Q: 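One structure is given below, represented as structure tokens, and several questions about it will come after.
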Amino acid sequence: MNHWLMKSEPNAFSFDDLNNSVEKKTHWDGVRNYQARNFMRDRMKKGDLVFFYHSNTAEPGIVGIANVCREAYPDHTAFDPNDKHYDPKSDPKNPRWLMVDIRYKRKLKNIITLSELRKYSDTQLKNLALLRRGNRLSITPISAKEWLFILSLERSKS
DNA sequence: GCCAACGTTGGC
DNA sequence: GCCAACGTTGGC
């Protein structure tokens, strides 16, 4: 099983929005980056665990846990000229963009902020993709060790 | 294939 | 709102 971190701007779609969604799940549409798409296409499996990260907000950080409940399939918003993420180069017969479905699992007891994660950027989290300079990928892999370490921060907040 | 211009991301 | 970092586009 793989682990992931997925970013969302809470103004657009927050973890609470996921919790309030029908069946507590959503399709992760709008990814228009090849590296992120390839992660979904090649490596994201049903049951994979996901840290849900709030970006572009006053206190960026990990707020909850979700899991992948449907593996990659065509992102239909790429075919819709009225959609913000419309891409005329995505042919419905050979879709360029894909999405997965994720389902709400649980909210963390406290947000694990970006600044808290940064405290370990030279030690336990030195390979965390999220912390790499200039990282903008909306979907990044997390190793099993990193996952467990980050989870251990949930209760140890001083 | 190079690279300047441009648009987007996202922390601050 | 600012701006650094990055991916994409398109002229050549």
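Values below: every heavy atom of this structure, side chains too, minus hydrogens, waters and symmetry copies. This is a predicted model, so every value here is computed, not measured. First the proteins, then the strands, lettered A, B, ... as listed; each starts at 1.
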Q: Which whole-number value in Å describes the distance from A/F13 CZ to B/dT9 C1'?
A: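 Whole-Å distance recorded here is 20 Å.
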Q: Need to verify one output field. Residue with the more 5' nearest nucleotide on DNA chain C, A/R136 or A/N56?
A: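 The 5'-side residue here is A/N56.
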Q: I want to check one thing: is the phosphate of B/dT9, taken as OP1 and OP2, less than 4.0 Å away from some side-chain N or O of A/K7?
A: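 So the side-chain polar atoms of A/K7 never come under 4.0 Å of the phosphate oxygens OP1 or OP2 of B/dT9.
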Q: For a quick test of reading the model: is some side-chain N or O of A/K89 closer than 4.0 Å to OP1 or OP2 of C/dT9?
A: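 Checking C/dT9 against A/K89, a side-chain N or O does come within under 4.0 Å of OP1 or OP2.
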Q: Using heavy-atom distances to pick each residue's nearest nucleotide on DNA chain C, tell me which of A/Y34 and A/R133 is more 5'.
A: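 Result: A/R133.
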Q: Can you check the A/N135 CG to B/dT9 C1' distance for me, whole Å?
A: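 Spelled out: CG on A/N135 to C1' on B/dT9 is 10 Å.
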Q: Evaluate the criterion ring-ring contact (aromatic ring centres under 6.0 Å, His included) for residue pair A/Y34 and A/W97; output intermediate values, then yes/no.
A: CA-CA 8 Å; A/Y34 290 104; A/W97 303 114; 4.8 Å; yes
Q: I need the minimum non-hydrogen distance between A/V68 and A/M44, along with the two atoms involved.
A: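 Reported closest heavy-atom pair: CG2-SD, 4.3 Å.
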Q: Test the A/R41-A/F39 pair against the cation-pi criterion, namely NZ or CZ under 6.0 angstrom from the six-membered ring centroid and within 45° of the ring axis.
A: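 Here A/R41 fails the 6.0 Å and 45° test against A/F39.
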Q: CZ of A/R32 versus C1' of C/dC6: gap in Å, rounded?
A: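 One finds 19 Å between C1' of C/dC6 and CZ of A/R32, rounded.
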Q: Rounded to the nearest angstrom, tell me the gap between atom CG in A/L131 and atom P in B/dG11.
A: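 Taking CG of A/L131 and P of B/dG11, I get 11 Å after rounding.
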Q: Just how far, in rounded Å, is P of B/dT9 from CD of A/Q35?
A: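 Atom CD in A/Q35 sits about 15 Å away from atom P in B/dT9.
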Q: Tell me: CG of A/D87 to P of B/dG7, nearest whole Å?
A: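 Rounded to the whole Å, the gap is 17 Å.
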Q: A/W97 CH2 to C/dG7 P: how many Å, rounded?
A: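 Between P of C/dG7 and CH2 of A/W97: 13 Å.
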Q: Test A/D75 against A/R96 for salt bridge (charged side-chain N to carboxylate O under 4.0 Å, His left out), laying out the working first.
A: CA-CA 8 Å; A/D75 180 345; A/R96 175 178 298 204; over 6 Å; no
